Amino acid sequence: MNQRKYLTRSEINKILCATRFGMHGVRDACLFRLCFFHGLRVSELCRLTLGDLDLNQRVIYIRQLKNGLSTIQPLTEDVLPSLRAWLRVRETYRSAEEPWLFLSQKQSALSRQQVYSLLHQYGVRAGLEVHPHSHMLRHACGYALADLGVDTRLIQDYLGHRNIRHTVIYTASNAQRFYGVWQK
């Protein structure tokens with residue numbers, strides 16, 4: 001049987017709880033939150049710069065890869081506290097002048113492989129049955145938005161999909177859309 005391609009909200013919360021015990025837990029909690037709440041690909045996450053943030057306006061500029069549509073998205077209360085906490089920690093780094101939002105232990109840009117490894121380690125620490133990888137956070141975003149009843153076209157724009165076919169997987173399997181169908 002194929003492994004599930006997304007993490008549930010419960011699994012994400014377990015991973016976020018596990019970051020409390022990590023060596024760089026503040027950073028890791030922030031990057032996993034951003035990845036999930038903004039549906040980022042791991043390469044997009046690693047390429048975020050300080051210049052992509054506007055905390056006064058509470059927005060983030062997302063440069064989509066794979067010929068996707070780049071967007072400006074609002075930073076929500078789900079993300080802002082951990083982002084502010086990470087920025088306070090980040091200021092203490094000797095290479096704080098680096099443009100990258102997420103820095104590695106060597107104080108250079110965090111790599112995709114490092115994010116994969118971190119998510120796997122936190123998944124084990126959280127006791128997850130599934131072996132998490134970072135794209136599961138992007139899919140979790142799409143499914144969570146569909147579960148909230150967000151319009152498919154809006155999910156498409158939010159995730160930067162040029163083609164709606166890449167978005168309908170989130171809404172097609174959403175059981176919520178069938179509730180009340182016999183009451184009409």
Side-chain angles (χ1 to χ4, degrees), residues 6-65 68 70-128 132-145 148 150 157-160:
Y6 66 96
L7 294 171
T8 65
R9 291 293 294 263
S10 172
E11 290 166 336
I12 292 167
N13 287 332
K14 287 177 183 177
I15 288 170
L16 291 173
C17 286
T19 62
R20 294 182 202 152
F21 306 104
M23 182 185 291
H24 301 285
V26 174
R27 177 201 63 195
D28 300 341
C30 181
L31 71 92
F32 294 145
R33 282 182 191 281
L34 269 175
C35 196
F36 168 66
F37 282 102
H38 293 280
L40 298 172
R41 295 176 180 92
V42 69
S43 295
E44 294 164 351
L45 180 73
C46 292
R47 289 176 35 167
L48 285 173
T49 66
L50 294 172
D52 294 330
L53 298 173
D54 184 341
L55 293 181
N56 292 327
Q57 296 294 314
R58 298 168 66 139
V59 295
I60 185 170
Y61 177 70
I62 309 293
R63 264 181 261 98
Q64 300 284 347
L65 296 176
S70 297
T71 58
I72 295 174
Q73 297 178 0
L75 291 164
T76 66
E77 290 304 320
D78 295 308
V79 172
L80 272 170
S82 67
L83 183 57
R84 286 188 174 121
W86 163 238
L87 290 173
R88 283 191 298 276
V89 170
R90 190 188 179 290
E91 284 176 5
T92 66
Y93 282 36
R94 67 176 150 71
S95 64
E97 68 278 355
E98 284 288 328
W100 311 111
L101 177 58
F102 295 109
L103 299 174
S104 70
Q105 196 166 333
K106 294 179 182 177
Q107 301 194 20
S108 57
L110 201 62
S111 72
R112 292 177 34 207
Q113 293 77 13
Q114 289 169 310
V115 175
Y116 290 136
S117 177
L118 287 168
L119 188 56
H120 176 74
Q121 291 169 27
Y122 284 118
V124 170
R125 188 176 287 170
L128 299 186
H133 56 81
S134 55
H135 210 70
M136 293 174 91
L137 291 169
R138 179 171 168 80
H139 286 312
C141 175
Y143 284 112
L145 292 173
L148 292 171
V150 175
D157 291 344
Y158 194 77
L159 295 178

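All heavy atoms count here, side chains included; hydrogens, waters and symmetry mates do not. Treat the numbers as computed from the prediction; the structure is a model and nothing was measured.
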Could you grab the distance from atom [atom1] of [X] to atom [atom2] of [Y], nearest 0.5 Å is fine?
X	Y	atom1	atom2	answer
Thr76	Arg58	OG1	CZ	8.5 Å
Ile60	Leu80	CD1	CG	10.0 Å
Tyr6	Ile12	OH	CD1	10.5 Å
Thr92	Leu87	OG1	CG	11.5 Å
Tyr61	Leu53	OH	CG	13.5 Å
Cys35	Asp28	SG	CG	12.0 Å

Are the side chains of [Y] and [X] in contact, using a 4.5 Å heavy-atom criterion?
X	Y	value
Leu45	Leu137	no
Arg41	His135	yes
His24	Gln105	yes

Exercise for review: Sequence neighbours left out, what passes side chain to side chain contact (heavy atoms under 4.5 Å, CB included) with Ser134? Give chain and number order.
Suggested key: Val42, Val115, Tyr116, Leu119
Where [X] and [Y] come nearest, the two heavy atoms and their spacing:
X	Y	result
Leu48	Phe102	CD1-CE1, 4.4 Å
Val79	Arg33	CG2-O, 4.2 Å
Ser104	Gln114	CB-NE2, 3.6 Å
Phe36	Cys141	O-CB, 3.0 Å
Glu44	Gly39	OE1-O, 4.4 Å
Leu40	Arg138	O-CB, 3.8 Å

Point to revise | side chain to side chain donor-acceptor pair (under 3.5 Å) evaluation trace for Ser117 with Gln113 | key: CA-CA 6 Å; Ser117 177; Gln113 293 77 13; over 6 Å; no
Review point. After noting the C-alpha distance and the side-chain angles of Leu16 and Phe32, does the key distance pass the side chain to side chain contact (heavy atoms under 4.5 Å, CB included) rule?
Key: CA-CA 7 Å; Leu16 291 173; Phe32 294 145; 4.0 Å; yes
Check your understanding: Does anything in residues 13-23 pair up under side chain to side chain donor-acceptor pair (under 3.5 Å), and if so which pairs, sequence neighbours excluded?
Key ->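 Those involving residues 13-23 do not exist here.
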Exercise for review: Ignoring hydrogens and angles, tell me if any N or O in the side chain of Gln73 forms a donor-acceptor pair with the backbone of Tyr158 under 3.5 Å.
Suggested key: yes
Check your understanding: Is there a donor-acceptor contact under 3.5 Å from the side chain of Arg27 to the main chain of Leu103?
Key -> yes
Check your understanding: Taking the six-membered ring for Trp, are Tyr143 and His139 parallel (under 30°), tilted (30 to 60°) or perpendicular (over 60°)?
Key -> tilted
Exercise for review: Please test Leu83 against Leu55 for side chain to side chain contact (heavy atoms under 4.5 Å, CB included), starting from the C-alpha separation and ending with a verdict.
Suggested key: CA-CA 10 Å; Leu83 183 57; Leu55 293 181; 3.9 Å; yes
Check your understanding: Name the one of Asp52, Leu31, Thr49, Leu34 that satisfies side-chain contact (heavy atoms from CB on, under 4.5 Å) with Leu101?
Key ->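 So, applying the side-chain contact (heavy atoms from CB on, under 4.5 Å) to Leu101 and each of Asp52, Leu31, Thr49, Leu34, only Leu34 qualifies.
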